[in-house]
Student: 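Can you read through this structure? Questions will come right after.
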Amino acid sequence: KLLTGHSHVEVMAGGCAILENYTSTQLYSGKSFNYYDPAKGKWEQDWVGAGGPGDRSRYYNGEYREGAMRFTSETTDAKGVKTLGNFIFYNIDKDTVRQYLELSTDGGKTYKVSYDLTYIRKK
């Protein structure tokens, strides 16, 4: 496997929030803030990357089921094209997580993999 970056993850707010600090091997960086919304009973994630004003994402409806944390997303670009997303963190084992994002621009009929990464805890 090719090393593409490092993440430092911190649990915050009594376990109700998680901060990820990501740095790639290509000098790209970003942060995600994951938090639990008790009114909705779901997790959400906000991502902000170093790629400029448009380098941000928001994921909703996060819930852990079938061995994975699953989020959805929906964005509309300047041309009015709606993109749907499924963002999933698979719990492989205590030291390994698979992070997977697939996107659809045809209303969810078909999806294409945006990325598929494996995180391995540093020893």
Side-chain angles (χ1 to χ4, degrees):
K1 298 233 177 199
L2 175 66
L3 177 66
T4 58
H6 298 278
S7 285
H8 175 75
V9 178
E10 302 172 44
V11 176
M12 303 168 44
C16 293
I18 300 168
L19 175 65
E20 175 195 14
N21 300 280
Y22 175 77
T23 305
S24 80
T25 57
Q26 304 300 312
L27 302 178
Y28 174 77
S29 64
K31 295 184 184 293
S32 70
F33 184 64
N34 298 264
Y35 49 92
Y36 184 74
D37 183 336
K40 295 178 184 172
K42 306 281 184 176
W43 284 82
E44 295 186 7
Q45 182 188 98
D46 291 313
W47 164 263
V48 178
D55 189 9
R56 57 182 183 244
S57 301
R58 179 165 244 190
Y59 303 96
Y60 303 94
N61 303 313
E63 62 180 351
Y64 191 83
R65 68 179 192 283
E66 300 169 4
M69 176 61 94
R70 299 168 187 275
F71 292 92
T72 59
S73 64
E74 182 177 312
T75 59
T76 304
D77 69 14
K79 296 179 182 177
V81 176
K82 185 182 288 189
T83 300
L84 303 176
N86 292 311
F87 186 41
I88 307 168
F89 292 87
Y90 294 96
N91 185 11
I92 306 302
D93 61 39
K94 71 180 188 69
D95 294 321
T96 312
V97 172
R98 176 182 173 207
Q99 181 178 329
Y100 176 85
L101 176 64
E102 62 181 10
L103 301 172
S104 172
T105 55
D106 62 8
K109 293 176 190 159
T110 61
Y111 283 86
K112 292 182 182 174
V113 176
S114 179
Y115 58 77
D116 190 351
L117 306 170
T118 301
Y119 285 67
I120 301 169
R121 186 188 311 268
K122 287 174 114 175
K123 301 287 181 182

Student: Name all residues meeting the side-chain contact (heavy atoms from CB on, under 4.5 Å) criterion together with Y64; count only those two or more places apart in sequence or in a different chain, and write none if there are none.
Tutor: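 Y64: side-chain contact (heavy atoms from CB on, under 4.5 Å) contacts with M69, N91.
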Student: Locate the shortest heavy-atom distance separating F71 from W43; write the atom from each residue and the value.
Tutor: CE2-O, 3.6 Å
Student: If you take all heavy atoms of A50 and Y28, which pair is closest and at what distance?
Tutor: N-CE1, 3.7 Å
Student: How would you list, by chain and number, every residue that makes a salt bridge (Lys or Arg N to Asp or Glu O under 4.0 Å) with D106, sequence neighbours excluded?
Tutor: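 Partners of D106 under the salt bridge (Lys or Arg N to Asp or Glu O under 4.0 Å) test: none.
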Student: In Å and rounded to the nearest 0.5 Å, what is the CD to OG distance from E102 to S73?
Tutor: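 So the gap between those two atoms works out to 10.0 Å.
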Student: For R98, does the CZ atom have more than 12 heavy-atom neighbours from other residues, nucleotides or ligands under 6.0 Å away?
Tutor: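 Buried by this count: over 12 neighbours within 6.0 Å.
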Student: Under the side-chain contact (heavy atoms from CB on, under 4.5 Å) test, which residues partner I88, sequence neighbours left out?
Tutor: A68, R70, Y90, Y100
Student: So, using salt bridge (Lys or Arg N to Asp or Glu O under 4.0 Å) as the criterion, who are the partners of E44 when residues are at least two apart?
Tutor: K40
Student: Using a side-chain heavy atom cutoff under 4.5 Å and only I, L, V, M, F, W and Y, what cluster partners does L84 have?
Tutor: Y111
Student: Between W47 and Y35, is there shared hydrophobic-cluster membership here, with clusters defined by ILVMFWY side-chain heavy atoms closer than 4.5 Å?
Tutor: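 Cluster IDs for W47 and Y35 differ.
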Student: Please name the pair of heavy atoms, one in N61 and one in T72, separated by the smallest distance, quoted to 0.1 Å.
Tutor: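 Between these two residues, the closest heavy atoms are ND2-OG1, 2.9 Å.
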Student: Taking atom CD as the centre, does E10 end up with more than 12 heavy-atom neighbours from other residues, nucleotides or ligands that are less than 6.0 angstrom away?
Tutor: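 Enclosed.
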Student: Taking transitive links into account, so neighbours of neighbours count too, which hydrophobic residues share a cluster with V48 at under 4.5 Å side-chain distance?
Tutor: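 Answer for V48: none, a lone residue.
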Student: Kindly write out the residues that satisfy salt bridge (Lys or Arg N to Asp or Glu O under 4.0 Å) with K31, not counting sequence neighbours, or none if the list is empty.
Tutor: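 Residues passing salt bridge (Lys or Arg N to Asp or Glu O under 4.0 Å) with K31: none at all.
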Student: Among residues at least two apart in sequence or on other chains, which ones pass side-chain contact (heavy atoms from CB on, under 4.5 Å) with T75?
Tutor: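 T83.
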Student: Tell me the closest heavy-atom pair linking E20 and S7, and the distance in Å.
Tutor: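 Where E20 meets S7 most closely, the heavy atoms are OE2-OG, 2.6 Å.
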Student: Could you tell me which residues satisfy ring-ring contact (aromatic ring centres under 6.0 Å, His included) with Y59, sequence neighbours excluded, listed by chain and number?
Tutor: F87
Student: Could you report the tightest heavy-atom contact between Y36 and G41, atom names first, then the distance?
Tutor: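 For Y36 versus G41, the nearest heavy atoms are OH-CA, 3.3 Å.
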Student: Does a side-chain heavy-atom distance below 4.5 Å link E74 with Y60?
Tutor: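 Not touching, per the 4.5 Å side-chain cut-off.
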Student: Do Y119 and I92 have side-chain heavy atoms sitting under 4.5 Å apart?
Tutor: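 Of all side-chain heavy-atom pairs linking I92 with Y119, none is under 4.5 Å.
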Student: In Å, rounded to the nearest 0.5 Å, how long is the span from SG of C16 to CG of D37?
Tutor: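 It is 10.5 Å, given to the nearest 0.5 Å.
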Student: Please report the interatomic distance NE2(H6) to CG(N21), rounded to the nearest 0.5 Å.
Tutor: 13.5 Å
Student: State the OG1-NZ distance between T105 and K112, to the nearest 0.5 angstrom.
Tutor: 6.5 Å
Student: Only counting residues at least two apart or in another chain, list the ones meeting salt bridge (Lys or Arg N to Asp or Glu O under 4.0 Å) with D46.
Tutor: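 D46 satisfies salt bridge (Lys or Arg N to Asp or Glu O under 4.0 Å) with R58 once adjacent residues are dropped.
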Student: Please round to the nearest 0.5 Å and tell me the distance separating atom CZ of F33 and atom CD of Q45.
Tutor: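 If we round to the nearest 0.5 Å, F33:CZ and Q45:CD are 11.0 Å apart.
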Student: Please check if atom NZ in K82 has more than 12 non-hydrogen atoms from other residues, nucleotides or ligands closer than 6.0 Å.
Tutor: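 No, because the 6.0 Å sphere around NZ of K82 holds 12 heavy atoms or fewer from other groups.
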Student: Could you give the distance from OH (Y115) to OG1 (T4), rounded to the nearest 0.5 Å?
Tutor: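 If I round to the nearest 0.5 Å, the distance is 11.0 Å.
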Student: Any chance you could pull the hydrophobic cluster mates of I120, using side-chain heavy atoms under 4.5 angstrom and chaining through other members?
Tutor: none
Student: Name all residues meeting the side-chain contact (heavy atoms from CB on, under 4.5 Å) criterion together with S114; count only those two or more places apart in sequence or in a different chain, and write none if there are none.
Tutor: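 Here the qualifying residues are L101, L103.
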